[in-house]
Amino acid sequence: MSPSYLGRKVLQAIATLVFVVILNFMLFRLMPGSPERILLRNPHLDAQSIAAARARFGLDKPLLPLEISVDPPSLKVNPDSQFLAYLQTTASGDLGLSFEFRGESVTEVIGVRFWPTIILIGLAELIAIVVGLTLGSAAGWKRGGTLDRVGNGISLILYSMPYFVIGMPLIIIFAAGLGWFPTSGMLSPGAQYQSPIDQLLDFARHLVLPLATVSLGLIGGYSILMRSSIIETRGEDYVTTARAKGLKDRSILRDHAFPNALLPTVTVIAINLGYVVAGAITAEIVFNWPGLGTLTVDALAARDYPVLQGIFLLISVAVILANLGADLIYGRLDPRVRA
Amino acid sequence: MSAATAPVDLRGERWRLRVRNARDFGRRYARRTDGVVGLAILLVFVVLAALPNVFVGALETATTASGTALEPPSLTHLLGTDGLGRDMLNQTVHGARISLTIGLLATLITILLGAVIGIVSGFRGGRIDNVLMRLTDFFLILPTFVLAVLLAPIILDIVGDDAEIAGIKAKLIVIVVVIGLTSWASTARIIRAQTLSVKERMFVDRARVIGSGPGHIMRRHILPNVTNLIVANTVLTFAAAIFTETTLAFIGLGDPFAPSWGQLLNAAQAIGAPSLGAWWYIVPPATCVVLVILAFTLVGNALDDIMNPKTAGRR
């Protein structure tokens, strides 16, 4: 990989990140009403306490670090501005205070919800990648056969289903109907566990349906992508050569076609991994899973903008890093893009 | 110079060519079973969306509900009733109109933005291209759905929840605009790539030589030659727009008084219909969502295969 390719990609990622931070700063200032009114929802505040609050939150400082005056024309840099303060605190991991969860910092609020989402979506990605790639390559290899028709049909239907459209019927059948699994949550409320293993089992029982939902939702996309990729490699010369050598059909697929067809899929997987943090918002809602998805919707309902922006920033960073990763992996795997 | 050549009937010739192309296209499309099935499904939903009152009467509200809460399907209520006693068949058919309208408007904004940015970027090149493509990259990388979730309530707070713009609920307009603003980037990329190849063709040089301005060339020479791509892309964008609208409505950004399918499922989730086992509250709108998205995907894929110069002829 040439240093210029690497450098360009890293620069692009940094530029995108800067964009996101600026966007976040501007969105907060776009909001109706002054921030201090939202922070201190009290119409009877006297001027003195408002001024104190403004000073405390740094709202008495100018917005931008530039002071432009027309008469006399001058452009002055002012280091003491809201924008620079915002950059400084954001860089140090301080995302401000939540409106809804009084007194808690956004970082704390998000931190608690981080792991449930990572576990749920991470496992679902694993399952979906294995099942989706297997299904897609098997279907594409025997294009037009029974497996292709059925498999591709199922993939297209799954691809058309939002998570909640998959999850709600699963609850009706397996939780409300058959009673095999709990309908919601991550652990039974108020349960006393004999041992950590009991707790883990309870967690697993709660995990099954959400995990199935997210996995099914992801399988369609992976399978469709892998199918078209395999179909493309099927006509390549090296596959014909392998056939001419008299290799078994199965070994041609496994050793020659599959690894090459994987190339475009790897990029998509890498990008998708960035979205692990974003989670499957609607799947978490359906099962009341205490992750970042339910937090997003709770914050949305309460108009808790600092939390929403914190989540947006976190997901953006994850997605930007994943994209950078995808570019670098691709550059390493495919010699044609190294230039 | 032979004086015997009859004047060529240009207008008639062009017309004949168009009819032949259309017939050729129809024949190729008819061979695609999946595309035909998708089109049939879409036709059914378009008819339902156009004339919901003919099939199920006016939209039932909380005050005009015709049944009691959560009745299972029966002869009077073929699909049962919802949490407020409204007939589910009535709600679902009217939902078609709302979901498809929002989807259509969002798609129009997406395609308009994508096509204009793509054509201008590809045709003008240079610095304009550079700036526009960086912007496109930014929107391609960004988690646009989360951005939509962040933007929608902020815009709603600014214009006010119950505000109306030209007689239409601000909530619906905001959803449409937010979907459009966050999903044009991939369209712009595709159109730009095609514009880059079209602008190298001879007729563009010819137009320039006889003094056509860039605006004229883009409208009369580039646009007609990327229209195929735009059409296929529009259909696929429609599927994505319905998907996004359903999801945004489900997480509570919809308008309860204009129940799209996503809004119906949001209400079902809010009263806990899944754990109550009230399947009739969930299955009708959920099935419609899946059928419509699937149908648009099938039609879009078929069109893409037939019209896209990159994939056409490969099969």
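Chain identifiers are assigned alphabetically (A, B, ...) following the order of the sequence lines, protein sequences preceding nucleic acid strands; residue numbering begins at 1 within each chain. Predicted, not measured: the structure shown is a model, and the values here were computed from it.
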| Is the F164(A) ring parallel, tilted or perpendicular to the F250(B) ring (thresholds 30°, 60°)? | parallel

| said: Please classify the contact of L308(A) with chain B as side chain, backbone, both or neither, using a heavy-atom distance under 4.5 Å. | reply: both

| query | Quick one: does S260(B)'s side chain have a donor or acceptor within less than 3.5 Å of a partner on S99(B)'s backbone? | reply | no

| field | Which of L170(A), I173(A), N323(A), I311(A) touches chain B most, by non-hydrogen pairs under 4.5 Å | value | N323(A)

| task | Determine whether the side chains of T81(B) and R86(B) contain a donor N or O and an acceptor N or O closer than 3.5 Å. | result | no

| task | Determine the option with the most heavy-atom pairs under 4.5 angstrom with chain A, choosing from L147(B), V149(B), V289(B). | result | L147(B)

| task | Heavy-atom distances under 4.5 Å only: say whether L298(B) touches chain A with side chain, backbone, both or neither. | result | side chain

| So which part of L253(B) gets closer than 4.5 Å to some heavy atom of chain A, the side chain, the backbone, both or neither? | side chain

| message | Can you list everything that forms a side chain to side chain donor-acceptor pair (under 3.5 Å) with D34(B)? Sequence neighbours excluded, please. | response | R32(B)

| Can you name the residues that form a salt bridge (charged side-chain N to carboxylate O under 4.0 Å, His left out) with D137(B), not counting sequence neighbours? | R134(B), R189(B)

| field | Carboxylate-amine/guanidinium proximity below 4.0 Å for D327(A) and K9(A) | value | yes

| Which bit of I282(B) is near chain A, if near means a heavy-atom gap under 4.5 Å: side chain, backbone, both or neither? | side chain

| field | Polar side chain donor-acceptor pair, E125(A) to Y222(A), under 3.5 angstrom | value | yes

| request: Please state whether the side chain, the backbone, both or neither of T297(B) comes within less than 4.5 Å of a heavy atom of chain A. | output: side chain

| note | In terms of heavy-atom pairs under 4.5 Å with chain B, the winner among V297(A), I320(A), T282(A) is T282(A)

| Side chain / backbone / both / neither for F296(B) at chain A, heavy atoms under 4.5 Å | neither

